[in-house]
Asker: 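This is the structure I want to talk about, given as structure tokens.
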Amino acid sequence: MPKTCVIDCVIGSRLRTQRLLADLETTTLANQIGVTEQRLEEFEAGVARIDAETMRLICHVLNLQVSYFFAPWTKAEKQSADIYLVAAE
């Protein structure tokens with residue numbers, strides 16, 4: 001298993017949020033994307049990295065764009081974070 005980082009934690013957290021908003025149990029989503037419930041919980045906790053095919057399935061089931069999971073690192077988000085940092089100095 002690859003070493004995870006803060007990005008995996010944020011993506012996992014966003015996955016959990018969307019699963020809960022869709023009112024899906026971990027068992028249900030896990031079955032729909034072809035992983036075990038334990039593996040889905042590892043994704044949500046950020047201790048396991050989500051592979052590309054699983055991410056595609058997650059996006060399909062939850063009706064999301066892949067970009068949703070990477071929004072904190074988009075140019076617009078980075079610019080607002082940079083402005084905040086400058087203002088805090």
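All values below were derived from every heavy atom in this structure, side-chain atoms included, with hydrogens, water molecules and symmetry-related copies excluded.
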Asker: Hey, what do you get for CD1 (I33) to NE2 (H60), rounding to the nearest 0.5 Å?
Answerer: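 With rounding to 0.5 Å, CD1 (I33) is 12.0 Å from NE2 (H60).
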
Asker: Residues two or more places apart in sequence or in another chain: which of them pass salt bridge (charged side-chain N to carboxylate O under 4.0 Å, His left out) with R19?
Answerer: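 Residues passing salt bridge (charged side-chain N to carboxylate O under 4.0 Å, His left out) with R19: E44.
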
Asker: Please tell me if the side chains of V10 and F69 come closer than 4.5 Å, counting only heavy atoms from C-beta onward.
Answerer: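 Side-chain contact under 4.5 Å: no.
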
Asker: Stepwise, does the side-chain contact (heavy atoms from CB on, under 4.5 Å) test hold for L24 with Q32?
Answerer: CA-CA 10 Å; L24 290 173; Q32 290 179 341; 4.2 Å; yes

Asker: Atom CG of L62 and atom OH of Y68: how far apart are they, to the nearest 0.5 Å?
Answerer: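 These two atoms lie 9.0 Å from each other.
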
Asker: With the side chain counted from C-beta on, respond yes when I11 and R14 share a heavy-atom pair under 4.5 Å apart, and no when they do not.
Answerer: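 No, their side chains stay 4.5 Å or more apart.
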
Asker: CZ of R16 to CG of L20: how many Å apart, nearest 0.5 Å?
Answerer: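 Spacing of CZ (R16) from CG (L20) equals 4.5 Å.
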
Asker: Check for a donor-acceptor pair, side chain of T17 on one end and backbone N or O of S13 on the other, with a separation under 3.5 Å.
Answerer: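 Yes; judged by distance alone, with no hydrogens or angles, the pair exists.
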
Asker: Find the distance between SG (C59) and CG (L15) and round it off to the nearest 0.5 Å.
Answerer: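 Answer for the SG-CG pair, C59 versus L15, is 9.0 Å.
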
Asker: If you compare all heavy atoms of C9 against all heavy atoms of A45, which two are closest, and at what distance to 0.1 Å?
Answerer: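 The answer is SG-O, 4.2 Å.
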
Asker: What distance separates E37 CD from T28 OG1, expressed to the nearest 0.5 Å?
Answerer: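 Rounded to the nearest 0.5 Å, the CD-OG1 separation comes to 9.0 Å.
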
Asker: If you count every heavy atom of other residues, nucleotides or ligands that lies below 6.0 Å from Q65 atom CD, does the total exceed 12?
Answerer: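 No.
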
Asker: Could you tell me the separation between the CD1 atom of I58 and the CZ atom of F43, rounded to the nearest 0.5 Å?
Answerer: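 Output value for this atom pair is 6.0 Å.
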
